[in-house]
Amino acid sequence: MKRGLLFVITAPSGCGKGTLRRALLKEQTDIRFCPSITTREPRPGEVNGIDYIFVSMSEFLKKRDKGELAEWAEVYGNYYGTPRENVERALDEGYSVMLEKDVQGSRTLRQVYPDGIFIFILPPSLDELRRRIESRGTENETEKHMRLDSARKEIADLRDFDYVIINTDVERAKDRLVAITTGEKIASGISPCQDQRRSVNGKPSVEEIGENDRLQVHPGDCGCQTSKADSVKKGKQSSGYS
Ligand code: 5GP
């Protein structure tokens, strides 16, 4: 089985990358999100094992010292890290993987996964980012300042990223993310409809799932050809202003 692709999303805190990621994964079920482990307290609504894997400081340090993290960092006084085994297992199973990192995390991951696809999400403006962080209401004044300050620094240097998306409107930004992941899959010879490969002889098929008669349609040959890959080029930046 062909190994999946690694997508790394980076954005200043408050740019909506979690919302975007959830919207993308609803559409592209052959991409797995591998949550980071963190020592930070869960925010209201965050689910352990889905948004993050919440661990104590001693658990974190144990994993780090055993070399179980592909990278780790201290961000705003909390520790965050990427569990290597979860990423490798999903890639080996043919799934593409989505990770969410800060700038330093994505720089380290670039060394570990040079073929990864690195995407930066920008807010429409720093004023808008301030408004979003304030309306979220989950940080105190000092934390808000730290997050805005580091956003300013992160935005100053985007050279290391393959794509940039401006998140003015979630639906539009999600469409751009879908275009990027689909294009990269095609360019690598992975069917963008990998989750729908079970079609019979490339023909559409319908199967019934579960007790509630929910129907699943396999559209069959999705008509994707590797020659179309030229339409999305690595390094080409996608802005929200077209
Ligand atoms: P938050 O606490 O707002 O969820 O995340 C704070 C920052 O930590 C964000 O910039 C986020 O991208 C970053 N972050 C989350 N997980 C990881 C990780 O595994 N490694 C690194 N280096 N940064 C992470």
Side-chain angles (χ1 to χ4, degrees), residues 6-22 24-25 32-57 59-88 90 97-113 116-123 126 129-158 160-161 163-165 167 173 177:
L6 182 76
F7 296 101
V8 182
I9 298 193
T10 300
S13 189
C15 276
K17 63 182 180 303
T19 311
L20 271 179
R21 179 245 305 163
R22 282 186 285 275
L24 174 80
L25 297 195
R32 288 269 159 97
F33 174 63
C34 287
S36 306
I37 64 167
T38 182
T39 59
R40 147 163 104 56
E41 289 295 313
R43 294 195 184 112
E46 283 184 334
V47 180
N48 188 23
I50 301 220
D51 299 290
Y52 278 106
I53 301 166
F54 297 99
V55 294
S56 65
M57 183 62 94
E59 274 179 89
F60 188 98
L61 296 178
K62 212 187 284 168
K63 284 182 186 298
R64 183 196 67 177
D65 295 345
K66 283 196 335 210
E68 291 177 13
L69 304 179
E71 63 80 43
W72 68 275
E74 186 185 345
V75 188
Y76 313 128
N78 295 306
Y79 284 70
Y80 297 82
T82 309
R84 190 192 304 272
E85 198 196 330
N86 298 356
V87 175
E88 285 300 320
V97 166
M98 174 73 62
L99 299 175
E100 282 178 21
K101 301 295 146 197
D102 67 342
V103 170
Q104 56 173 326
S106 63
R107 285 209 175 110
T108 312
L109 280 172
R110 178 70 98 179
Q111 326 256 311
V112 184
Y113 294 102
I117 296 121
F118 293 77
I119 303 164
F120 197 92
I121 315 286
L122 271 177
L126 283 174
L129 183 63
R130 186 176 302 113
R131 202 190 57 70
R132 288 182 193 175
I133 292 178
E134 270 167 11
S135 68
R136 188 163 76 181
T138 48
E139 283 86 19
N140 62 35
E141 281 307 310
T142 320
E143 286 169 341
K144 274 186 223 165
H145 276 112
M146 279 198 309
R147 276 160 207 258
L148 276 167
D149 235 37
S150 82
R152 231 175 251 120
K153 287 181 198 135
E154 288 177 352
I155 289 168
D157 186 4
L158 302 180
D160 291 341
F161 292 88
Y163 296 97
V164 175
I165 297 175
N167 186 8
L177 201 48

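Because the structure is predicted, anything quoted here is derived from the model rather than measured. Atoms within a ligand are numbered from 1 in the order they appear, just like the ligands themselves.
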Could you tell me the residue and atom name of the protein heavy atom closest to [atom], and the distance to it rounded to 0.1 Å?
atom: atom 24 (C) of ligand 1; value: Tyr80 CB, 3.7 Å
atom: atom 9 (C) of ligand 1; value: Lys17 NZ, 4.1 Å
atom: atom 19 (O) of ligand 1; value: Lys101 NZ, 2.6 Å
atom: atom 21 (C) of ligand 1; value: Asp102 OD1, 3.3 Å
atom: atom 16 (N) of ligand 1; value: Ser36 OG, 2.8 Å
atom: atom 20 (N) of ligand 1; value: Glu71 OE2, 2.6 Å

- Query: Is the closest heavy atom of Gln104 to ligand 1 under 4.0 Å?
  - Reply: no

Need the ligand 1 atom indices (1-based, order shown) with element for anything under 4.0 Å from a heavy-atom of [X].
X: Thr82; result: 19 (O)
X: Gly105; result: 22 (N)
X: Ala73; result: 22 (N)
X: Arg40; result: 1 (P), 2 (O), 4 (O)
X: Glu100; result: 15 (C), 16 (N), 17 (C)
X: Gly81; result: 18 (C), 19 (O)

- Nearest heavy-atom approach of Val103 to Phe161 is CG2-CZ, 4.5 Å

- Query: How close do Leu24 and Met98 get, heavy atom to heavy atom, and via which atoms?
  - Reply: CD2-CE, 3.1 Å

Quiz: residues 66-81 side-chain donor-acceptor pairs under 3.5 angstrom, not counting sequence neighbours:
residue, atom, partner, partner atom, Å
Glu71, OE2, Thr82, OG1, 2.6
Tyr76, OH, Ser150, OG, 2.8
Tyr80, OH, Arg40, NE, 3.4

- Looking only at side chains, do Ser36 and Lys101 share a donor and an acceptor under 3.5 Å apart? yes

Relative to ligand 1, is [X] under 4.0 angstrom through side chain, backbone, both or neither, heavy atoms considered?
X: Tyr52; value: side chain
X: Val75; value: side chain
X: Arg43; value: side chain

- Kindly say whether Phe54 contributes a backbone atom to a donor-acceptor pair with the side chain of Asn48 at under 3.5 angstrom? yes

- Query: Between atom CD of Glu41 and atom OH of Tyr52, what is the distance when rounded to the nearest 0.5 Å?
  - Reply: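 OH of Tyr52 is found 13.5 Å from CD of Glu41.
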
- Item | Option from Thr108, Val8, Val97, Val87 for which side chain to side chain contact (heavy atoms under 4.5 Å, CB included) with Tyr113 holds | Val87

- Taking only Lys NZ, Arg NE, NH1 and NH2, and the carboxylate oxygens of Asp or Glu, determine whether Glu59 and Lys62 approach each other closer than 4.0 Å. no

- Carboxylate-amine/guanidinium contact Asp51 Arg22, below 4.0 Å: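 Looking at Asp51 and Arg22, the cut-off is met.
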
- Task: Using the test ring pair (Phe, Tyr, Trp, His ring centres under 6.0 Å), find all partners of Phe7 that sit at least two apart in sequence or belong to another chain.
- Result: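 If we apply the ring pair (Phe, Tyr, Trp, His ring centres under 6.0 Å) test to Phe7, skipping adjacent residues, there are no hits.
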
